[in-house]
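Worksheet for the structure shown next.
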Amino acid sequence: MSGLLDAFLIVAVVVLVIARQFRAQRMDTGRRWWVLPAVLAVVAVREPGLVDAHHHTASVLLLTAELLVGLATGAAWAWTSRIWVEPDGAVWSKSTKASGTVWFIGIGLRVALYALGAALGVHQDSSALLLALAATLLVRSGLLAWRTQAQHTAPVRSAAYGDRVPRPAWKERV
């Protein structure tokens, strides 16, 4: 993929994910939460510029740091998300202001790592950022799925026809 297309893909995924997470959404424990991160990781690993051939050690260290930042961001994002259970047993989640702060810190750390790599002369491709984004989403989704299963209770019995209808008082007949 070209660098411009990679950048567009990264921005589109980040905007989509962030916009969705700041709205309340129903958590489904049966869904495949790992699919999007897996697709992003496969796209990132397929690219040939993941590691700079001229600065192999520095490039691998920067990639490792990028992945660690991604993992920490995903974990912090999951733990700062609010989870609650509705009376019908449905589990919902929504990111909080603290989650937004986690995103800004994570982006700041990634910018700092990119600046460090540029200062060292390491060629950094967007596939490293894509791989770190996949790690962030994988950890966040996995932790939220785990937290959701812990919160998930047995569904409340649904009302049957005639439930909660006032019954006439029993009268004695003389």
Side-chain angles (χ1 to χ4, degrees), residues 1 3 5-52 57-86 89-117 122 124-153:
M1 251 191 278
L5 187 58
D6 279 348
F8 177 73
L9 178 66
I10 291 168
V11 169
V13 168
V14 167
V15 167
L16 174 72
V17 167
I18 290 175
R20 285 184 56 206
Q21 299 312 313
F22 282 96
R23 289 188 324 232
Q25 61 182 6
R26 186 178 178 149
M27 298 298 296
D28 182 13
T29 56
R31 71 182 179 110
R32 294 184 182 101
W33 50 266
W34 49 268
V35 172
L36 178 62
V39 168
L40 291 175
V42 167
V43 168
V45 172
R46 284 187 44 208
E47 295 296 316
L50 190 59
V51 176
D52 186 3
T57 304
S59 180
V60 169
L61 287 174
L62 282 172
L63 179 61
T64 303
E66 179 81 24
L67 288 174
L68 289 174
V69 167
L71 293 173
T73 301
W77 186 17
W79 286 110
T80 57
S81 295
R82 181 173 172 251
I83 294 181
W84 69 95
V85 180
E86 290 290 326
V91 182
W92 290 74
S93 79
K94 181 180 179 182
S95 291
T96 62
K97 290 179 183 178
S99 304
T101 303
V102 166
W103 264 99
F104 284 120
I105 291 171
I107 289 170
L109 289 172
R110 287 184 174 121
V111 168
L113 285 173
Y114 186 79
L116 177 64
V122 177
Q124 300 172 28
D125 200 33
S126 59
S127 57
L129 182 60
L130 197 59
L131 189 61
L133 179 61
T136 299
L137 295 176
L138 182 68
V139 168
R140 185 216 181 249
S141 300
L143 282 174
L144 275 182
W146 178 69
R147 286 181 64 199
T148 298
Q149 287 176 348
Q151 293 276 333
H152 197 61
T153 58

Please lay out, stage by stage, how Asp125 and Leu50 fare under the test side-chain contact (heavy atoms from CB on, under 4.5 Å). CA-CA 6 Å; Asp125 200 33; Leu50 190 59; over 6 Å; no

Given 3.5 Å as the limit, does a donor-acceptor pair link the side chain of Arg147 with the main chain of Ala78, or not? yes

In terms of relative ring orientation, are Trp103 and Trp77 parallel, tilted or perpendicular, with 30° and 60° separating the classes? perpendicular

Minimum heavy-atom distance between Val51 and Ser59, given as atom pair plus value: CA-OG, 3.3 Å

Think Arg82 forms a cation-pi with Trp84, using NZ or CZ under 6.0 Å from the six-ring centre and within 45 degrees of its axis? yes

Can you confirm whether Gln124 sits close enough to Tyr114 that some side-chain heavy atom of one is under 4.5 Å from a side-chain heavy atom of the other? yes

List the atom of Ser99, the atom of Thr80, and the distance in Å for their closest heavy-atom pair. OG-OG1, 2.8 Å

Go through the side-chain N and O atoms of Arg110 and Thr136 and say whether any donor and acceptor fall under 3.5 Å apart. yes

For Ser81 and Ser95, indicate whether the former's side chain and the latter's backbone hold a donor-acceptor pair under 3.5 Å. no

Can you see which heavy atom on Leu131 is nearest to which on Ala44, and at what distance? N-CB, 3.7 Å

Side-chain touch Val85/Trp92, heavy atoms, less than 4.5 angstrom: no

Would you give the length of the straight line joining atom CG of Leu68 to atom CG of Leu109, rounded to the nearest 0.5 angstrom? 11.5 Å

Provide the closest heavy-atom pair for Ala135 versus Leu71 in the form atom of the first, atom of the second, distance. CB-CD2, 3.9 Å

Looking at every heavy atom in both Gly106 and Thr73, which two are closest together, and how far apart are they? CA-OG1, 3.7 Å

Apply side-chain contact (heavy atoms from CB on, under 4.5 Å) to the pair Arg26 and Val91, showing each step before the final yes or no. CA-CA 6 Å; Arg26 186 178 178 149; Val91 182; over 6 Å; no

Separation between OG of Ser127 and CG of Leu40, rounded to the nearest 0.5 Å: 12.0 Å

Run through Ile107, Thr101, Val102 and flag the one making a side chain to side chain contact (heavy atoms under 4.5 Å, CB included) with Ile105. Thr101

Looking at CG of Leu143 and CH2 of Trp79, how far apart are the two atoms once the value is rounded to the nearest 0.5 Å? 6.0 Å

How far does CG of Leu62 sit from OG1 of Thr57, to the nearest 0.5 angstrom? 11.0 Å

Chi angles and distances behind the side-chain contact (heavy atoms from CB on, under 4.5 Å) call for Met27, Ile83: CA-CA 9 Å; Met27 298 298 296; Ile83 294 181; 5.7 Å; no

When rounded to the nearest 0.5 angstrom, what is the spacing between NZ in Lys97 and CZ in Phe22? 11.0 Å

In Å and rounded to the nearest 0.5 Å, what is the CZ to CG distance from Arg140 to Leu137? 8.5 Å

